[in-house]
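Inspection log for the structure reproduced underneath, given as structure tokens.
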Amino acid sequence: MKFKEQHIISMREFSREMIDHILDAAEKMEPIAHGKQKSDLLAGKVLAVLFFEPSTRTRMSFETAMLRLGGDVLNLGSVDASSIAKGETLADTIRVVDGYVDAIVLRHPKEGAAQLASEFAKVPILNAGDGAGHHPTQTLLDLYTIRRESHLDGLKIALAGDLKYGRTVHSLCYALSLYGAQITLISPKELRMPDEIISDIIARGAKIIETDSIEDAINDVDVLYMTRIQKERFPDPAEYQKVANKLKITIETLKDVKPELKIMHPLPRVNEIDTKIDDTPHACYFKQAFYGVPVRMALLGLVLGAIE
Amino acid sequence: MKFKEQHIISMREFSREMIDHILDAAEKMEPIAHGKQKSDLLAGKVLAVLFFEPSTRTRMSFETAMLRLGGDVLNLGSVDASSIAKGETLADTIRVVDGYVDAIVLRHPKEGAAQLASEFAKVPILNAGDGAGHHPTQTLLDLYTIRRESHLDGLKIALAGDLKYGRTVHSLCYALSLYGAQITLISPKELRMPDEIISDIIARGAKIIETDSIEDAINDVDVLYMTRIQKERFPDPAEYQKVANKLKITIETLKDVKPELKIMHPLPRVNEIDTKIDDTPHACYFKQAFYGVPVRMALLGLVLGAIE
Amino acid sequence: MKFKEQHIISMREFSREMIDHILDAAEKMEPIAHGKQKSDLLAGKVLAVLFFEPSTRTRMSFETAMLRLGGDVLNLGSVDASSIAKGETLADTIRVVDGYVDAIVLRHPKEGAAQLASEFAKVPILNAGDGAGHHPTQTLLDLYTIRRESHLDGLKIALAGDLKYGRTVHSLCYALSLYGAQITLISPKELRMPDEIISDIIARGAKIIETDSIEDAINDVDVLYMTRIQKERFPDPAEYQKVANKLKITIETLKDVKPELKIMHPLPRVNEIDTKIDDTPHACYFKQAFYGVPVRMALLGLVLGAIE
């Protein structure tokens with residue numbers, strides 16, 4: 001499998017075999033990610049971190065991954081403070097930064113930005129989210145979390161929240177369909193997953209159940225994947241409130257779940273998950289955030305050719 | 001003495017023995033802080049720097065300390081650009097960052113923030129200022145400066161400026177009381193040190209003198225510690241001007257001082273200290289800023305278990 | 001030649017011999033700049049990057065240069081977030097940072113800032129642009145680009161755009177005059193190079209031709225150096241548009257040029273150079289941006305005494 005010098009733009013490019021390969025590599029990175037083992041795998045390498053919109057978690061875990069592997073990080077800094085304010089195109093910015101570094105992590109509000117960047121870069125581009133487009137490293141860390149904390153084969157998972165606009169859940173469903181997962185979609189009707197995506201993932205091997213209530217689904221699944229619902233999606237604040245209240249979980253909600261149920265969330269959460277749940281063995285969202293580090297280490301090691 | 005994996009939240013936790021231990025460790029760090037000696041004491045370690053309000057000096061000296069010891073730094077960046085803008089709680093941010101790094105330096109505008117953070121973090125929290133609360137590394141570097149440039153035993157020190165709200169001077173007085181210092185408090189009546197703090201530090205061993213004029217005290221002391229007076233404390237700008245003028249020093253003010261008098265200031269200064277004083281042997285404030293580096297090196301080395 | 005511990009403030013200080021020495025050193029740095037060779041030439045050294053106005057390209061290439069040589073970078077961060085907001089003078093900021101690091105890169109909107117800083121710093125100051133003042137590392141990378149991609153001796157170069165306010169082109173002309181270059185100045189009459197600069201550079205050995213049309217000059221030169229024209233210079237937008245249109249180049253403009261013509265631009269460009277030119281062998285501006293890295297490596301190595 002050849003990852004060296006490849007761009008990482010979208011999960012759609014990845015076969016199950018490729019995903020498994022990355023997750024295997026991530027597993028080997030865990031002791032380094034925990035700071036228990038030193039590494040200079042990427043010593044002398046420089047990673048540019050170009051975030052055209054903020055995303056603390058993604059940026060920090062990429063930077064940690066690079067630093068823990070002995071590499072260095074070059075940060076574009078806030079976009080207001082950059083020459084983009086002087087009207088430079090993304091293509092020009094990429095061609096310049098390309099000359100400075102060994103790989104580029106790009107976050108951009110516009111769909112297609114990472115693809116465009118990859119056409120102008122000689123070094124690998126790692127897409128860290130391009131608007132309504134893709135966010136492959138989030139999906140990979142979600143898959144890694146499921147594999148480490150639950151299991152990918154024969155998985156029963158429920159996804160709750162905004163399934164219409166949520167890029168994260170779309171991508172995850174595409175990937176899980178490769179493993180033949182049973183996926184329960186939980187959302188208010190206004191935020192249902194688009195029919196074309198549902199058809200697609202069924203065609204790829206997933207089994208789909210739809211509902212609008214967490215209670216209907218939670219007792220049967222191995223993993224519950226919660227997401228935020230954005231107020232801005234609702235013209236009427238009262239409507240938002242009603243929907244948001246329905247898609248919250250508390251200790252009460254968990255009274256009949258499987259003992260091994262794992263609850264995930266891409267974070268930041270607002271109030272979808274009561275903080276009392278944090279201390280239960282079901283809570284898995286902080287571990288999930290941590291798993292971003294070994295997964296991004298694996299990707300950096302692969303595209304920079306330091307591991308196979 | 002066990003510092004490994006301990007949080008550093010407030011000076012109140014420290015005995016004189018513990019302070020002396022840290023200052024001894026700082027002294028050994030000086031050649032590294034000066035860049036005269038290389039170190040990889042903290043190689044492979046990552047320090048997160050979470051500043052929820054700006055403080056250039058404190059942040060830069062922590063980062064320098066980490067870098068000069070061979071470690072790496074992960075910066076939260078400006079808070080506007082972070083997921084805090086999306087409504088994440090401090091507890092959640094800490095639990096996520098905790099998974100990425102080996103220690104966290106936290107600056108936060110709210111009193112008690114560092115204490116709260118320490119309850120959610122598995123890695124050591126170093127409080128770099130929490131609003132009206134504590135700022136222990138500032139106090140330690142102040143003590144270190146006094147020890148290096150003057151002496152702690154039998155010290156006569158005068159503190160001038162805003163002694164009512166000044167967190168820095170309160171903390172320093174508590175610490176100096178452990179050494180039985182004679183402390184002259186110089187402030188306008190509006191900005192007197194609160195009576196309860198004065199009683200406390202007397203009870204702990206300090207001798208206190210109060211006055212409202214620098215001239216009354218300056219000829220008798222070993223150290224003069226100046227601070228800024230903030231305009232915002234005064235409803236009437238004319239009143240501020242009058243008070244501020246009284247708490248300024250010039251070359252003239254120094255004409256009868258001890259030859260070994262040292263003048264300190266936590267910086268930034270506005271106009272409390274005339275720049276002509278900078279070239280006299282009394283000026284000690286830039287050295288004081290530098291001493292932040294070896295002191296923070298010592299603390300990082302101790303809490304990360306790299307030194308004893 | 002002694003560069004160790006020297007400040008780099010302005011090109012005016014440099015003889016031809018000194019420039020050649022720096023460019024020779026840069027050439028040796030190229031394999032490291034390309035990431036093909038590891039270096040720990042500056043291991044244990046810390047560079048402060050103080051940018052009081054944004055300049056992504058300059059900052060990033062300085063940081064890359066430092067990192068690729070094994071050194072570390074300490075960033076002031078955005079100026080709003082710094083104690084400068086609390087009213088600290090540049091002199092005080094420099095004296096504090098001076099205690100933390102081994103060298104300081106300074107970008108400042110005010111002319112003379114770097115000179116002022118050098119009077120207060122014990123470590124070397126590298127001027128990365130001081131308003132209408134100097135920007136010596138830009139000139140050095142321009143010279144390096146010309147030497148690497150064309151030739152400095154017997155050079156015929158045309159400079160197009162805003163030659164009145166353009167600090168970059170003034171500095172470059174002074175430097176090129178040391179090599180006896182033939183310089184064609186192309187600008188609208190409103191943006192002509194000031195007569196006193198023209199007299200100066202003729203006196204120093206340059207041959208000068210003036211015109212207002214790129215077409216008049218382009219077929220005869222080895223290098224065409226394009227610059228941006230700033231809208232703000234023109235009270236009347238229609239006038240700006242007319243002038244800007246005349247100082248644009250397209251594939252058409254290049255039909256009769258020398259095959260070895262190289263086109264340079266300090267970037268960011270707006271629309272002075274049609275992107276179709278990017279794929280021709282004439283396009284040299286992205287390489288030019290890259291060459292900032294080896295040139296800045298050479299300067300850092302020299303002033304820090306790591307190379308001679």
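Everything quoted here is computed from the prediction, not taken from an experiment. We name chains A, B, ... by the order of the sequence lines, and we start the count at 1 in each one.
Heavy atoms closer than 4.5 Å to chain C are found nowhere in B:Ile32, neither backbone nor side chain. When heavy atoms are compared at a cutoff of 4.5 Å, B:Asn75 does not approach chain C at all. For C:Ala91, no part lies under 4.5 angstrom from a heavy atom of chain B. With a 4.5 Å cut-off on non-hydrogen atoms, C:Leu50 touches chain B through its side chain but not through its backbone.
Among C:Asp98, C:Val97, C:Val101, C:Val96, the residue with the largest count of heavy-atom pairs under 4.5 Å with chain B is C:Val96. If you tally non-hydrogen atom pairs under 4.5 Å between each of B:Gln288, B:Glu63, B:Arg59 and chain C, the highest count goes to B:Arg59.
Of the options B:Ile229, B:Leu191, B:Thr227, a side chain to side chain contact (heavy atoms under 4.5 Å, CB included) to B:Tyr165 is made by B:Leu191 and by none of the others.
The two residues C:Leu76 and C:Phe51 come nearest to each other via the heavy atoms CD2-N, 4.3 Å. The two residues C:Gln6 and C:Val303 make their nearest non-hydrogen contact at O-CG1, 3.4 Å.
Using the six-membered ring where Trp is involved, B:Tyr291 and B:Tyr144 have ring planes that are perpendicular, over 60° apart on the 30 and 60° scheme.
Between the CD1 atom in C:Ile94 and the CD atom in C:Glu119 there is a gap of 11.5 Å [rounded to 0.5 Å].
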